[in-house]
There are 2 protein chains.
Amino acid sequence: MVRKSETSGRLDDAARAGWLYYVAGRTQDEIASSMGISRQSAQRLVSLAVAERLIKVRLDHPIAACLELADAVRKKFSLKHVEVVPSDPGSSSTTVGIAEAAAAEIERWLKRPDPIVLAVGTGRTLKAAVDQLPAIECPNHRIVSLTGNIAPDGSAAYYNVIFSMADAVKARHFPMPLPVLVTSAEERETLHGQQLVRSTLEISAQADVTFVGIGELGIDGPLCVDGFLEKDEMMELMRNGAVGEICGWVFDGEGKLLDNPINERVASASIPSRESSTVIGIGKGKRKFKAIKAAVMGHQINALITDEDTAEYLLKA
Amino acid sequence: MVRKSETSGRLDDAARAGWLYYVAGRTQDEIASSMGISRQSAQRLVSLAVAERLIKVRLDHPIAACLELADAVRKKFSLKHVEVVPSDPGSSSTTVGIAEAAAAEIERWLKRPDPIVLAVGTGRTLKAAVDQLPAIECPNHRIVSLTGNIAPDGSAAYYNVIFSMADAVKARHFPMPLPVLVTSAEERETLHGQQLVRSTLEISAQADVTFVGIGELGIDGPLCVDGFLEKDEMMELMRNGAVGEICGWVFDGEGKLLDNPINERVASASIPSRESSTVIGIGKGKRKFKAIKAAVMGHQINALITDEDTAEYLLKA
DNA sequence: TTTGCTCATGGGCAATTACTCACCTTCAGG
DNA sequence: CCTGAAGGTGAGTAATTGCCCATGAGCAAA
């Protein structure tokens with residue numbers, strides 16, 4: 001304490017101050033008087049100890065690993081927000097965990113006092129999330145669907161989540177009275193020109209936050225299973241490099257939307273701006289690995305809710 | 001996540017808040033808004049995480065003064081290893097600081113790749129140290145208790161640390177199904193002859209490293225407070241020159257085990273060899289000064305974790 | 001000796017955090 | 001159905017901390 005100018009002495013002091021502060025739990029004032037320096041100097045020593053990484057903080061809880069993964073993924077892909085839930089090794093479900101997390105995130109947005117536009121896509125995961133929502137009243141908000149609600153056979157599409165959402169959430173909601181895929185680009189233009197559709201599209205473009213499922217391709221993927229695409233169309237798509245889809249918009253391994261006849265027939269609204277709004281993708285599981293990776297690489301989404309296994313894949317890949 | 005009342009969910013939230021606060025360095029306001037709760041609730045979660053010991057802080061820096069003291073003490077008493085942590089002038093705690101240091105030392109031993117036998121004694125300080133341990137998996141190691149786990153009233157003794165240790169450390173552990181003191185030397189022989197006890201005793205004799213608390217005597221000392229000895233027995237002991245105890249083994253001012261009826265009734269295993277293994281005593285504080293000095297003088301231990309004040313006392317005395 | 005630079009210091013102040021209090025829900029037991 | 005305990009909540013407030021700034025010491029180059 002007599003000599004101050006040696007650098008090592010200063011680090012020693014920093015260590016001592018840091019110890020008193022973090023381990024012993026004293027205030028900076030107490031440290032200052034016990035070391036015979038001013039409070040400000042004590043503060044500097046404490047922050048020096050932190051800056052020099054003399055102080056190591058550890059959190060002993062399974063959730064810590066998830067948070068670290070989330071942070072790493074967020075940084076690697078420059079995402080706005082990433083949430084990672086623990087993987088459940090015993091379950092093959094593609095929704096358990098992330099559905100609850102997504103529901104919590106939806107709830108947080110809906111509880112905001114200022115009016116927002118919340119857009120939703122489609123998919124089983126998103127449906128599961130919406131099913132977790134409690135009853136909420138939020139007359140200020142608007143909820144809009146990006147995708148059509150008409151299945152290939154003309155019935156109401158089951159996985160159009162906006163209706164499930166309307167059950168729980170009291171807000172104005174805007175479905176999209178269209179099929180998911182139409183027969184041609186021209187038909188899409190015509191339909192999108194209708195007044196009702198056009199106003200819904202305009203609302204969707206203003207979305208503050210968007211929740212979308214991320215679908216894998218393949219003959220077991222949702223586009224085939226739900227009958228939107230025939231098996232041979234799917235094979236053709238995959239030959240062209242397609243690996244995943246969001247709201248029917250098909251993209252390749254780098255997350256670029258494909259320039260092909262299928263995408264020309266997608267009647268969904270465009271995915272809202274990733275520059276000016278938050279677009280949260282939801283998905284996990286081995287079959288979706290490539291699709292999720294492509295979606296984050298190509299910035300089709302700028303936020304992600306997934307599980308540990310998937311997050312680890314994203315970091316390794 | 002819709003329902004919040006689950007206790008485990010609350011701890012998860014605490015962990016999350018603690019991580020965001022200490023690891024990610026966010027403010028409580030940011031945490032509050034990102035978790036959708038009020039700032040006060042965020043603050044509560046953070047302090048809950050601290051209170052539940054989810055957050056562990058460690059300081060990685062050899063403070064010069066402490067190092068010098070440690071070296072001097074090590075030489076003076078021919079010890080294998082001495083660790084000195086800064087004293088906290090304002091605190092009367094007998095564990096703060098050394099508990100963290102002891103936990104770090106235990107962790108270092110447990111992280112060794114080669115299989116070891118780690119023995120533990122008893123005491124509040126050791127308990128506090130073990131409570132600082134993170135979760136570790138080390139199936140190669142064995143952990144054995146030197147002292148019985150049965151209190152005078154027949155219940156499980158609280159300060160038998162091996163059970164706390166088993167919570168954090170995944171390793172085979174061997175408790176000692178005995179009281180600390182039995183009624184006579186003969187009873188001890190009988191009990192020690194039991195197969196279960198004998199094998200535990202054999203393991204303890206092979207210990208590579210042992211961690212023991214150092215207890216002071218007196219009517220406020222642990223032996224009396226925990227009901228192992230009556231006040232008059234204690235007075236008698238002290239009249240005979242006893243100054244401290246380790247695992248119940250009572251020794252005099254020079255660290256020699258007393259040849260008296262009490263030590264004949266101690267059911268603990270013998271302290272493992274100070275020739276062939278490392279026996280680390282943990283303790284600090286004025287009330288323990290004489291006991292610690294006696295323990296190092298008599299080589300009841302061959303390594304010590306203590307604080308500056310105690311180290312200075314040991315050098316002067 | 002002067003000049004110019006770096007760096008630690010303490011004061012002051014705004015931001016952040018901890019604590020207390022009154023109230024509100026939940027739930028077990030009468 | 002009421003009641004009281006336990007535990008959670010937000011508001012308000014006091015305590016603590018982080019940061020900017022002007023100052024001055026130390027030191028090397030001019």
Side-chain angles (χ1 to χ4, degrees), chain A residues 1-57 59 61 63 104 107-108 110-114 134-138, chain B residues 1-57 59 61 63-64 88-91 93 96:
Chain A
M1 248 125 306
V2 178
R3 70 214 99 261
K4 307 272 172 159
S5 47
E6 328 152 27
T7 311
S8 67
R10 187 166 170 80
L11 266 189
D12 282 356
D13 284 350
R16 177 175 294 260
W19 188 91
L20 288 166
Y21 187 69
Y22 286 104
V23 183
R26 332 283 330 190
T27 69
Q28 296 181 351
D29 265 320
E30 292 171 310
I31 296 168
S33 59
S34 88
M35 292 179 72
I37 55 179
S38 72
R39 214 254 320 148
Q40 293 85 333
S41 299
Q43 196 272 328
R44 284 190 186 97
L45 289 176
V46 171
S47 56
L48 178 63
V50 174
E52 296 289 333
R53 302 193 179 281
L54 302 180
I55 299 288
K56 295 185 178 159
V57 181
L59 193 142
H61 195 281
I63 218 107
E107 205 181 327
R108 275 193 284 276
L110 290 178
K111 279 187 175 164
R112 292 167 68 126
D114 48 318
I136 315 180
E137 302 235 347
C138 37
Chain B
M1 243 96 340
V2 175
R3 60 222 95 257
K4 309 269 167 153
S5 49
E6 327 150 25
T7 311
S8 68
R10 185 162 172 82
L11 264 189
D12 284 354
D13 284 350
R16 176 174 293 260
W19 190 89
L20 288 167
Y21 188 68
Y22 287 103
V23 183
R26 328 291 303 275
T27 70
Q28 297 181 351
D29 263 319
E30 292 172 310
I31 296 168
S33 60
S34 88
M35 293 180 70
I37 54 180
S38 73
R39 193 189 57 72
Q40 292 89 332
S41 299
Q43 195 274 326
R44 283 185 187 100
L45 289 177
V46 171
S47 57
L48 179 63
V50 175
E52 295 289 333
R53 302 186 178 281
L54 301 179
I55 299 287
K56 301 194 175 149
V57 181
L59 188 134
H61 183 79
I63 297 180
D88 176 8
S91 161
S93 162
V96 70

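Everything numeric in this text was worked out from a predicted model, so none of it was measured. Every chain is numbered from 1, with letters handed out A, B, ... down the list of sequences.
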J.: Nearest of D:dG10, C:dA18, C:dT9 to any side-chain atom of B:Ser38?
T.: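 From the listed options, D:dG10 comes nearest.
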J.: Do you know which two heavy atoms are closest between A:Gly18 and A:Ala49, and how far apart they sit?
T.: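 Closest approach of A:Gly18 to A:Ala49, heavy atoms only: CA-CB, 4.2 Å.
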J.: Roughly how many Å is it from CG in B:Leu48 to P in C:dC19, rounded to a whole number?
T.: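 One finds 14 Å between P of C:dC19 and CG of B:Leu48, rounded.
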J.: Rounded to whole Å, how long is the line connecting atom CG of A:Asp29 with atom P of C:dG12?
T.: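 After rounding, the gap between these two atoms is 15 Å.
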J.: Which sits closer to the 5' end of DNA chain D, A:Arg44 or A:Tyr21, going by the nucleotide each is nearest to?
T.: A:Tyr21
J.: To the nearest Å, give me how far apart CG (A:Leu45) and P (C:dA8) are.
T.: 10 Å
J.: For C:dA18, take OP1 and OP2 only and decide whether either is under 4.0 Å from a side-chain N or O of B:Ser47.
T.: no
J.: Is B:Gln40 side chain donor-acceptor paired with the C:dA18 base, going by distance under 3.5 Å alone?
T.: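 Per atom types, no contact qualifies.
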J.: Between B:Ala15 and A:Ile63, which heavy-atom pair has the shortest distance, and what is it?
T.: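 Answer, listing the atom of B:Ala15 first, then A:Ile63: CB-CG2, 3.4 Å.
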J.: In whole angstrom, give the distance that lies between atom CD1 of A:Ile37 and atom C1' of C:dA8.
T.: 11 Å
J.: Can you name the nearest heavy-atom pair linking A:Leu45 to A:Ala14, along with the distance?
T.: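 Smallest heavy-atom distance, with atoms named: O-CB, 3.6 Å.
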J.: What are the two closest non-hydrogen atoms of B:Ala42 and B:Gln28, and how far apart are they?
T.: CB-O, 3.7 Å
J.: According to a strict under-4.0 Å criterion, is A:Gln28 in side-chain N/O contact with OP1 or OP2 of D:dG18?
T.: yes
J.: Counting side-chain heavy atoms from CB outward, which of C:dT17, D:dT17, D:dT9 is closest to A:Gln43?
T.: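 Out of C:dT17, D:dT17, D:dT9, the nucleotide with an atom closest to A:Gln43's side chain is D:dT17.
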J.: Rounded to the Å, how far apart are A:Arg26 CZ and D:dT16 C1'?
T.: 14 Å
